[in-house]
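As structure tokens, the structure follows; a few thoughts come after it.
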Amino acid sequence: MSSLRILVGVKRVVDSAVKVRVNSAQTGVETANVKHSMNPFDEIAVEEAIRLREKHGKDVVQEIIAVSCGPAKAQETLRTALAMGADRAIHVKTDDNLEPLSVAKLLSKIVGEEKPSLVILGKQAIDDDSNQTGQMLAGLLNWPQATFASKVDIKDGVLEAVREVDGGLETVSSSLPAVVTTDLRLNEPRYASLPNIMKAKKKPLKTVSPADLGVDIRSRLQTLKVTEPAKRQGGKMVASVDELLDKLRNEAKVL
Amino acid sequence: MAEARLPLRYRDYCAHLLIPLNKCRHRTITTAPTQTTSSLHSLSEDEQMMKDAVSRFARETVQPLVSQMDEAEQMEPSIIKGLFEAGLMSVETPAKYGGSEASFTSAILVIEELAKVDPSVSVLCDVHNTLVNTVFRTYAGQHLKDKYLPMLSEDKLGCFCLSEAASGSDAFALQTRAVKDGDHYVLNGAKMWITNSAEADIFLVFATVDPSLGYKGITCFVVERDMGVQIAKKERKLGIRASSTCQLSFDDVRVPAANVLGEVGKGYKIAIEILNEGRIGIAAQMLGLAQGAFDCALPYLFQRKQFGSYIGDFQGMQHQYAQIAVDIEAARLLTYNAARLKEEGKPFAKEAAMAKLYASQVAERASSRAVEWLGGVGFTRDFPAEKFYRDCKIGAIYEGTSNIQLQTIAKFLSKEYKA
């Protein structure tokens, strides 16, 4: 098998354990002084890249590059990726709000420069739940895509992935290069061990700007308002199936 | 380095008391002109990453096993293996020996984060890092470093054997004997209260080569388990039950002379100096325990309602948990400050004693309150509070009793203030 380079996208998001609150301006979620960490699906993406390298050897998986688009603090997330086992990192630095299309455009430019054979992204970020970047990137590059992957392997230059879809599991195969987005059951990410965290300091981390890549990252969407969902009311006990149907039809209006 | 000018009134005060200014040593502040000062909450990026990694390890790997390990009074081998694999057993060890080559504060953070979940696991990691590894790194000859540091980083657990039945606080009254026999020493005696000993492979044993020399006969030996160390008894304890605490017996155990760590007769120095840093480690363990107890109880105060209000909103409760939070913060600052002083190469023994003393007291107050705040459920073994309460007691006892800490602090103070 000829050697591959894998590009993994990672995003710094509010930690999944945090109880988020809407900010006072109602423009979004409060992020100041709130714990952030790597998007859980991106951890799975990094882990999968490392497992592919462990399975096929360093001759086949030549290099794993971690990329993140965001403010200065995105470097923390890149360092975590390096500590997990990525070889080098690229930081596309911007303080502007990034939409999936902008990220896809930035990544496609990086793909043009780095020429990976495989791009692995998390299926969605837990802050915006967009589930668009991977698909848009594949579209921009005109590459095949395997989204919601719960199993990934490469055999003789062919990508084979099992996708979790509404109907069940779908197995697809495609040529390389390709884009894969990870689903929860793909793997369980490793902890960055302390020695690896220290080694990560010495791994290269390059910073570029969207302007360097010649990408226009202006938002196409404007968020008008963000509010908390309606407070959950207590449940009601029903005496019979008919009563349940009546309530679903007439009160909850979901039937 | 510029000496800061003492405020005018202090100068007058010293003159008033007829104390020469140059004797008011504790008020001398020297700062490098370009040094930036920061709060004790500031951690380097590496330290923050390590803290997060350990916190996660503790929550995901240790937490599920805490209760069963306590009931069984047994450390799960998978936890010890996990600690080694995560690199938590060689935090400060140089990379060439397989370690993380990180700062002392990193080790302190590791111990604290583990203790928030299980003080037993924390002490296992603490003894191995701050006592065993550090003794090898600081005092061992190259041949011993090259042989043992990699083992201690990879998978061999260490323990520190100083105390005996007749010598605890009076450590130098130890009686374990080492007699030279050709190119070996023959060890005879018994040790007591040895943490990690049931699972350890490497024992740092303090024995005297000549009782007539008093403490100047004390020598540190590196003893491997298969040289003949025997576990005489495993103690059944009030707390930190998963941590093995055993009586050891040495019956004509032959140790190669090459395994003398440091110099013959200089073991007492190793013991005193290492226990100074070990103190900060225990302070970190007690700090983590206090925080863990606090964190397990507080959410409950805002779930439990009585008389129509959350019990956390009653002023009596508010005053109690606010006070405990202050105590924990103070213990944290004492501990982190002692760690930073050590890193800076400054004298830290007094501050280390203060940190250990205070943190163990705070651990007791915090865990006791946590049980009360949880009410009836706090008294059951289904909730973590009662374990923290049982675990805290050892903090005032091992690695220097609270009375010894007070003694140490008083000694420093009398040196500072005696004319």
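Treat the numbers as computed from the prediction; the structure is a model and nothing was measured. In what follows, chains are A, B, ... by sequence order, proteins preceding strands, each numbered from 1.
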Leading residue by heavy atom contact count with chain A [cutoff under 4.5 Å; candidates B:A95, B:A86, B:G99]:
B:A86
Considering distance alone, list the donor-acceptor pairs between chain A and chain B shorter than 3.5 Å.
{"from": "A:E43", "atom 1": "OE2", "to": "B:R56", "atom 2": "NH1", "distance (Å)": "3.1"}
{"from": "A:R79", "atom 1": "NE", "to": "B:E45", "atom 2": "OE2", "distance (Å)": "3.1"}
{"from": "A:R79", "atom 1": "NH2", "to": "B:D46", "atom 2": "OD1", "distance (Å)": "3.1"}
{"from": "A:Y191", "atom 1": "OH", "to": "B:E60", "atom 2": "OE1", "distance (Å)": "3.3"}
{"from": "A:Y191", "atom 1": "OH", "to": "B:T61", "atom 2": "OG1", "distance (Å)": "2.9"}
{"from": "A:L194", "atom 1": "N", "to": "B:A86", "atom 2": "O", "distance (Å)": "2.9"}
{"from": "A:K201", "atom 1": "NZ", "to": "B:D46", "atom 2": "OD2", "distance (Å)": "2.6"}

I'd like to know if the side chain of A:R21 and the backbone of A:E228 have a donor-acceptor N/O pair within less than 3.5 Å.
no
Examine whether an atom of A:A200 lies under 4.5 Å from a heavy atom of chain B, and if so say whether it belongs to the side chain, the backbone or both; otherwise answer neither.
neither
Using a 3.5 Å distance criterion without hydrogens, assess whether the side chain of A:T182 forms a donor-acceptor pair with backbone atoms of A:F41.
yes
Donor-acceptor pair, A:N23 side chain versus A:Q26 backbone, under 3.5 Å?
yes
With a 4.5 angstrom heavy-atom cut-off, which part of B:A102 approaches chain A: side chain, backbone, both or neither?
both
Should the pair A:D183-A:K123 be classified as a salt bridge under the 4.0 Å nitrogen-to-oxygen rule?
yes
Main-chain N/O of A:L186 paired to A:S150 side chain as donor or acceptor, under 3.5 Å
no
Closer than 3.5 angstrom, by distance alone: can the side chain of A:R5 be matched with the main-chain N or O of A:E114 as a donor-acceptor pair?
yes
Check whether A:T181 reaches the backbone of A:F148 with its side chain - one donor and one acceptor, N or O, closer than 3.5 Å.
yes
